[in-house]
2 protein chains.
Amino acid sequence: MDGAAAPLITPLRLDAGALHRSATHPDADAMTFLNEIMARYPDAISFAPGAPHESFFGGIDIAALVDRFVTYLRESRRLDEQAVRRTLYQYGPSRGIIVDLLAAALAHDLGMPVDERSLVVTVGAQEGLLLTLRVLCGGADTVAVVDPSHVGITGAARLLDLPVVGIPDHGDGPDLGRLRAACAAHRVRVLYVAPDYANPGGTRMSLTARHELLAAADELDLLLVEDGAYAFTAGPDDLPPLKALDTAGRVVHVGTFAKIGVPGARVGYVLADQPVAGGGVLADALCTVKSMLTVNTSPIGQAVIGGLILQHDGSLRALARAKATLYRRNLTHLLGALRRHVGAPAGRTDGVTWNEPDGGFFVRMRLPVEADPALLERSAGQYGVLWTPMRAYYVGDGGARELRLACSYLSPGEIDEGAARLARLLTDVCPDR
Amino acid sequence: MDGAAAPLITPLRLDAGALHRSATHPDADAMTFLNEIMARYPDAISFAPGAPHESFFGGIDIAALVDRFVTYLRESRRLDEQAVRRTLYQYGPSRGIIVDLLAAALAHDLGMPVDERSLVVTVGAQEGLLLTLRVLCGGADTVAVVDPSHVGITGAARLLDLPVVGIPDHGDGPDLGRLRAACAAHRVRVLYVAPDYANPGGTRMSLTARHELLAAADELDLLLVEDGAYAFTAGPDDLPPLKALDTAGRVVHVGTFAKIGVPGARVGYVLADQPVAGGGVLADALCTVKSMLTVNTSPIGQAVIGGLILQHDGSLRALARAKATLYRRNLTHLLGALRRHVGAPAGRTDGVTWNEPDGGFFVRMRLPVEADPALLERSAGQYGVLWTPMRAYYVGDGGARELRLACSYLSPGEIDEGAARLARLLTDVCPDR
């Protein structure tokens, strides 16, 4: 105390422990680490991001897409110029401004009736997942998720302070015995599932498994939250989504235009047609909650997606076609490169195995050693190849020795070289047993 | 049981009571009723929506704005064409892609240093409010809000299951005695306040009240969530926002481009520069949670806003100038029309009074009778004029005899005619005492 007066006001410094756990969860650290290591090794070939291939971006013309949608507003909805401008630039309905196009496209592609009042347009699938959990789950409810799962669903549950129980994926969807046990132990109202080439596991549910899951949902009084992000990558043998098989109203279907359209539009949707006693359907409740979350999805972003749908004759399937072809080519190429460089999945003697999905963006590889941040750092620094540790995708304690390889973002040449680098890493760190 | 087999599966029908309370709250009903009555009486003059004036929409050219931002990406950020396309169309950082422009604009306009790492671009101010509450408040925390308040903040709290306590607005900001009492009774970590022409009350805090509130926040260990949506409508006597006076790091500032830019871009921001022990600032935590809410704000929408900022020499104040002029004209016109048609606020003998703010979109009127849905219905059907009942804006039991008049959306002629219609209603329903 040498004469200097203490400041009257102490500048605030927040304690990390005082922040909500969704802001400081280790999963966020894992993703930060991944982004940081990608930035530090820009020349490494990265199997990490499940991001859309950028070759499609060259063909995007925002002005032309918005114009296409504006022509539709004028000609089909008979809007005058003032109403057109209001639709694009003013606040708009929480439900969205392209639900008519979307309902027609889904009805056409899935061969089922879809009422536009059952739809809500969301800021990507992520907002759709969060809205669905919020409307259906209260403080006493546990969210069941297929395990491993997309971090978006576990993150959304954490944001809402909802506990999560993982239902192991047995390779053909969630293990129904484990689901029944979870429902006996907890109050479970929803199960999140991605039946088509799930991120991160790459598995696809068979038609039989889909029917069995729907029957189990009815038996257990569950709603299924279906994430359909990767279904479009199926080839001619595509299977109907759970929603198209859903005679009992057990499925809420969440979709996105990030993969088949433009990620930067940030447009997804939820199809929630369950009637609510007293009037309306579940989508109405989602709209109400959305008005407190983001108010409405940017109509400019919606106009871009609306223009894309119109350009492809009102069909999401048509919109997705060229992209599906590229991703299937990349996946086939990755699986071939792994066989050439790493060996046959069952033929290695060191315990390295991987699945061989026939669609989606992802291959799951199991190692005899931990696929942890230290191995990733070594892989990047010494071998010039990056991948995603699977640990953060598990609710349970699985995944410590698993990694995810995404092929969506790369060229065939990069996939080849990346597989060769990965093979060198594996040879060095996974000695023969 | 006349031989027909019961269906094995009963189509699901959800009980409204099983949905989260944020989906079925009476406030949502009040807003639905307002929208519904506006649709039923399309020829009524509506003082209800606080929406931006549509005369500005004619000048919006999305392609030109995006081009302006693209030129900036090429010339100032030195991005090549592939990187430009990636910035606009690919998934992007949760923080946003215009934080540099935004930081420079805020620093210029407010005369204070603003680090772009203290900013996060949000899907409108609404997502910013929700993120801020989520990061700062857990289950044991009560959210304090100035009462009456924008329904966005009370809705966000409800969505997160956080209890809310209202701190009455005594005409010069929140009553500090009531704030101290609330902090003694509850664990309060944040107070929401809109110092400049608050929605719905129209009040503005004096400079003295701002300093006193900042000192109280420090004394009570609170963070102030400042909503700056209407500050731009101040004339030459504008006052600094709380954030510009905040020497102790007590203010999180939430802003929006809906009023000064384009609502349809759905772009807002949060300035949260509080250091967090262990590294980083509060904005980093907001980014982490945003990645689980909307992932990122549409870069196409951000490009539109970035283009607008660049077109106005990097100044939000310049961007807002023409709009501020129109809204001040409309407000002056409304206040004049009320004096002409309804009388002087203090001169009526029937108990009808109203405030006369010098900025913002809103006038608050007090009646001697209930301003309830029945009166609104009568006002619309018999008098052809609409307004917003204030009840839904109150946390406490206030507002039953208050209504809000918004002037932002109307022309001077509509304002005149609307005030005349309102005067006829008031004369008929508020007899002299």
Side-chain angles (χ1 to χ4, degrees), chain A residues 9 11-16 19-20 22-23 28 51 54 57-58 60 62-63 66 82 85-86 88-91 123-124 126-127 130 134-135 138-139 152 155-156 159 161 218 247-250 262-266 274-278 282 285 288-289 292-296 298-301 304, chain B residues 9 11-16 19-20 22-23 28 51 54 57-58 60 62-63 66 82 85-86 88-91 123-124 126-127 130 134-135 138-139 152 155-156 159 161 218 247-250 262-266 274-278 282 285 288-289 292-296 298-301 304:
Chain A
I9 290 177
L12 185 69
R13 187 178 175 84
L14 297 170
D15 180 358
L19 304 182
H20 190 260
S22 58
E54 298 189 348
F57 296 164
I60 296 172
I62 292 177
V66 173
Q82 191 183 359
R85 287 197 293 265
R86 184 181 301 139
L88 289 182
Y89 303 140
Q90 189 56 285
Y91 287 107
V123 181
Q126 184 62 33
E127 192 196 21
L130 189 99
R134 173 67 307 166
V135 169
L159 197 159
D161 281 324
D218 216 57
T247 53
R250 288 287 168 189
V262 191
R266 300 303 298 129
Q274 288 75 13
V276 175
L282 185 58
T288 298
V289 177
M292 301 300 170
L293 194 66
T294 58
V295 183
N296 59 321
S298 167
I300 298 172
V304 169
Chain B
I9 290 179
L12 185 67
R13 185 177 176 84
L14 297 171
D15 180 357
L19 305 183
H20 191 259
S22 58
E54 298 188 348
F57 296 164
I60 296 172
I62 292 178
V66 173
Q82 191 183 359
R85 287 196 293 266
R86 183 181 302 139
L88 289 183
Y89 304 141
Q90 188 56 283
Y91 286 108
V123 182
Q126 184 61 33
E127 191 196 21
L130 190 101
R134 175 65 310 167
V135 169
L159 197 159
D161 280 325
D218 215 57
T247 53
R250 288 288 167 187
V262 191
R266 300 302 300 127
Q274 287 76 14
V276 175
L282 184 59
T288 298
V289 177
M292 300 302 171
L293 193 66
T294 58
V295 184
N296 59 321
S298 166
I300 298 171
V304 169

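The model shown is predicted, which means the values in this text are computed figures rather than measured ones. In what follows, chains carry the letters A, B, and so on, assigned in the order in which the sequence lines appear, proteins first and then strands, with residues in each chain numbered from 1.
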When only pairs under 4.5 Å are counted, which of B/Gly124, B/Gly138, B/Pro299 shares the most heavy-atom pairs with chain A? B/Pro299
Pick whichever of B/Val295, B/Leu88, B/Val304, B/Leu293 has the most heavy-atom pairs under 4.5 Å with chain A. B/Leu293
As an exercise: rank A/Ala23, A/Ala265, A/Ala63, A/Gly58 by heavy-atom pairs under 4.5 Å with chain B and give me the winner. A/Ala23
With respect to chain B, which residue among A/Leu159, A/Leu19, A/Thr288 yields the maximal number of heavy-atom pairs within a distance under 4.5 Å? A/Leu159
Check whether any side-chain heavy atom of B/Arg266 lies under 4.5 Å from a side-chain heavy atom of A/Tyr91, and answer yes or no. yes
Distance from A/Asp218 atom CG to A/Arg250 atom CZ, nearest 0.5 Å? 4.5 Å
Proximal component of A/Glu54, with respect to chain B [non-hydrogen, under 4.5 Å]: side chain
Taking side chain to side chain donor-acceptor pair (under 3.5 Å) as the definition, give me every residue that meets it alongside A/Thr294, ordered by chain and number, with sequence neighbours left out. A/Glu127, A/Lys290
Non-hydrogen side-chain atoms of B/Arg134 and A/Ser22 separated by less than 4.5 Å: yes
Name all residues meeting the side chain to side chain donor-acceptor pair (under 3.5 Å) criterion together with B/Gln82; count only those two or more places apart in sequence or in a different chain, and write none if there are none. none
If you count heavy-atom pairs under 4.5 Å with chain B, which of A/Asn296, A/Asp161, A/Leu282 comes out on top? A/Asn296
Winner by heavy-atom pair count (cut-off under 4.5 Å) against chain A, out of B/Gly139, B/Ser298, B/Gly278: B/Ser298
Chain B: which of A/Ala16, A/Gly249, A/Pro263 shares the most heavy-atom pairs with it under 4.5 Å? A/Pro263
Side-chain heavy atoms of B/Arg85 within contact of A/Ile60, under 4.5 Å: no
For A/Ala156 versus A/Gln126, what's the shortest heavy-atom pair and its separation? CB-NE2, 3.9 Å
Between B/Leu130 and chain A, which part of the residue has a heavy atom less than 4.5 Å away: side chain, backbone, both or neither? side chain
Under a 4.5 Å cutoff for heavy-atom pairs, which residue among B/Val262, B/Val66, B/Val135, B/Asp15 has the most contacts with chain A? B/Val135
Below 4.5 Å, heavy-atom pairs only: which of B/Ala285, B/Ala277, B/Gly301 has the largest tally toward chain A? B/Ala277
